[in-house]
Amino acid sequence: MKKLVVYYSIGGNTRAVAKRIARTLRADIAEIRTVNAYPDDYDVLVSLGKKEVESGYIPQIVPLSADLTQYETVIIGTPVWWYTYAPAVKTFMKNVKWAGKKVYPFATNGGWLGHTPSDFRKALRGAEVGPVLNVKFEEHKQITPDSAIKEWLAGIK
Ligand SMILES: Cc1cc2nc3c(=O)[nH]c(=O)nc-3n(C[C@H](O)[C@H](O)[C@H](O)COP(=O)(O)O)c2cc1C
């Protein structure tokens with residue numbers, strides 16, 4: 001059975017990692033997109049993101065191009081927003097029946113992963129959740145070595 005990489009990305013960091021993972025695993029790939037665009041101004045985005053995360057906001061997302069029922073193993077990529085996964089990923093996870101699936105999350109961030117791993121475990125109730133990969137960036141430069149990603153990939157069943 002083919003694996004699926006699902007990701008959300010505004011600035012491109014998570015997209016770049018997701019594409020490499022999908023290539024390596026020969027997995028299908030699907031992007032989570034919101035119906036309404038976020039502001040282009042980074043500072044405005046960061047403070048809007050804070051409001052959304054703190055209020056538990058669920059943004060509307062565009063229907064995913066992939067049918068989740070067709071995959072047993074799902075890799076989920078998110079940027080860290082205010083110490084957790086992005087709101088769009090929250091919307092996505094709410095709409096899927098996770099029981100019986102194996103899920104491997106990864107999170108790109110600027111060094112503050114926060115409680116992202118435990119939040120993933122809570123949101124993915126019913127799934128077998130693997131270790132959460134932390135991929136640190138400085139703006140668009142990947143700091144976490146590729147070898148750490150490779151090692152994590154080796155554990156994906
Ligand atoms: C709204 C918002 C909140 C963020 N909060 C955090 C955070 O809590 N910890 C952190 O290390 N980085 C934080 N960042 C930085 C992003 O996680 C990081 O740049 C990420 O790689 C962006 O992924 P993308 O390019 O795929 O959108 C935040 C960025 C935004 C836009």
Side-chain angles (χ1 to χ4, degrees), residues 3-66 68 71 73-96 103-124 127 129-153 155-156:
K3 300 175 175 69
L4 177 68
V5 178
V6 182
Y7 72 94
Y8 175 70
S9 180
I10 277 203
N13 292 350
T14 314
R15 179 179 298 112
V17 177
K19 283 188 170 172
R20 271 164 37 219
I21 288 173
R23 253 200 319 269
T24 307
L25 296 175
R26 293 195 172 82
D28 292 334
I29 188 163
E31 181 175 4
I32 299 167
R33 285 179 292 130
T34 55
V35 169
N36 298 308
Y38 279 98
D40 289 330
D41 184 293
Y42 192 73
D43 293 335
V44 177
L45 169 65
V46 168
S47 52
L48 175 63
K50 184 168 199 268
K51 273 191 215 134
E52 289 196 357
V53 168
E54 287 179 354
S55 66
Y57 184 66
I58 315 265
Q60 233 189 307
I61 61 172
V62 175
L64 206 70
S65 61
L68 266 287
Y71 301 90
T73 302
V74 182
I75 293 94
I76 304 177
T78 185
V80 173
W81 277 26
W82 293 96
Y83 315 110
T84 189
Y85 45 73
V89 176
K90 181 181 186 131
T91 310
F92 161 70
M93 290 193 292
K94 263 186 159 325
N95 295 335
V96 175
V103 185
Y104 298 86
F106 71 92
T108 73
N109 61 90
W112 292 272
L113 184 65
H115 36 86
T116 308
S118 56
D119 290 349
F120 263 124
R121 282 173 208 290
K122 275 183 231 156
L124 296 166
V129 184
V132 177
L133 174 70
N134 175 1
V135 189
K136 188 181 166 188
F137 276 82
E138 264 169 28
E139 298 198 344
H140 296 298
K141 181 172 180 259
Q142 187 186 308
I143 302 301
T144 298
D146 285 342
S147 59
I149 300 177
K150 256 195 185 157
E151 205 176 295
W152 178 79
L153 283 170
I156 293 184

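Numbering of residues begins at 1 and proceeds along the displayed sequence. Note that ligands are numbered from 1 as they come in the structure, with each ligand's atoms numbered from 1 the same way.
- Classification of the Phe120-Tyr85 ring pair by plane angle, with boundaries at 30° and 60°, yields tilted.
- Considering backbone and side-chain atoms together, Ile10 places an N or O closer than 3.5 Å to an N or O of ligand 1.
- Between Trp82 and ligand 1, at least one pair of N/O atoms sits closer than 3.5 Å.
- No N or O atom of Leu45 sits closer than 3.5 Å to an N or O atom of ligand 1.
- The closest side-chain heavy-atom distance from Ile76 to Leu124 is below 4.5 Å.
- With contacts defined as side-chain heavy-atom distances shorter than 4.5 Å, the pair Ile21/Trp152 qualifies.
- For atom 12 (N) of ligand 1, the nearest non-hydrogen atom of the protein is Gly110 N, 3.2 Å.
- Distances shorter than 4.0 angstrom occur between a heavy atom of Gly12 and an atom of ligand 1.
- Nearest to atom 6 (C) of ligand 1 by heavy-atom distance, out of Leu113, Val80, Asn109, is Val80.
- Any N or O atom pair closer than 3.5 Å counts here, and Thr108 shares at least one such pair with ligand 1.
- At least one side-chain heavy atom of Lys90 sits less than 4.5 Å from a side-chain heavy atom of Ile58.
- Under 3.5 Å, the side chains of Tyr8 and Glu31 contain no donor-acceptor pair of N or O atoms.
- Within the 4.5 Å cutoff, side-chain heavy atoms of Val46 are placed close to those of Trp82.
- Considering both main-chain and side-chain atoms, His140 never comes within under 3.5 Å of ligand 1 through any nitrogen or oxygen pair.
- Any N or O atom pair closer than 3.5 Å counts here, and Gly49 shares no such pair with ligand 1.
- Here the shortest heavy-atom distance to atom 9 (N) of ligand 1, taken over Tyr7, Tyr8, Trp112, Phe137, belongs to Trp112.
- For atom 22 (C) of ligand 1, the nearest non-hydrogen atom of the protein is Pro79 CB, 3.6 Å.
- Counting only heavy atoms from C-beta outward, the side chains of Phe92 and Leu68 approach each other to under 4.5 Å.
- The atoms of ligand 1 that sit less than 4.0 Å from any heavy atom of Tyr83 are 7 (C), 8 (O).
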Please list every donor-acceptor pair under 3.5 Å in which a side-chain atom of residues 132-141 meets a protein atom from a residue at least two apart or in another chain.
residue : atom : partner : partner atom : Å
Asn134  : OD1  : Asn109  : ND2          : 2.6
His140  : ND1  : Asn13   : OD1          : 2.8

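- For ligand 1, the polar-atom distance check against Thr14 finds a nitrogen or oxygen pair separated by under 3.5 Å.
- Atom CG of Asp41 has more than 12 heavy atoms from other residues, nucleotides or ligands within 6.0 Å.
- For CZ of Arg121, the number of neighbouring non-hydrogen atoms (other residues, nucleotides, ligands) closer than 6.0 Å is greater than 12.
- Between Tyr42 and ligand 1 there is a heavy-atom distance shorter than 4.0 Å.
- Considering backbone and side-chain atoms alike, Arg15 places every N or O at 3.5 Å or more from each N or O of ligand 1.
- Closest to atom 24 (P) of ligand 1, if we only count protein heavy atoms, is Gly11 N, 3.4 Å.
- Between Tyr38 and Trp81, the two ring planes are perpendicular [angle over 60°; tilted spans 30° to 60°].
- Considering only non-hydrogen protein atoms, atom 25 (O) of ligand 1 sits nearest to Asn13 N, 2.9 Å.
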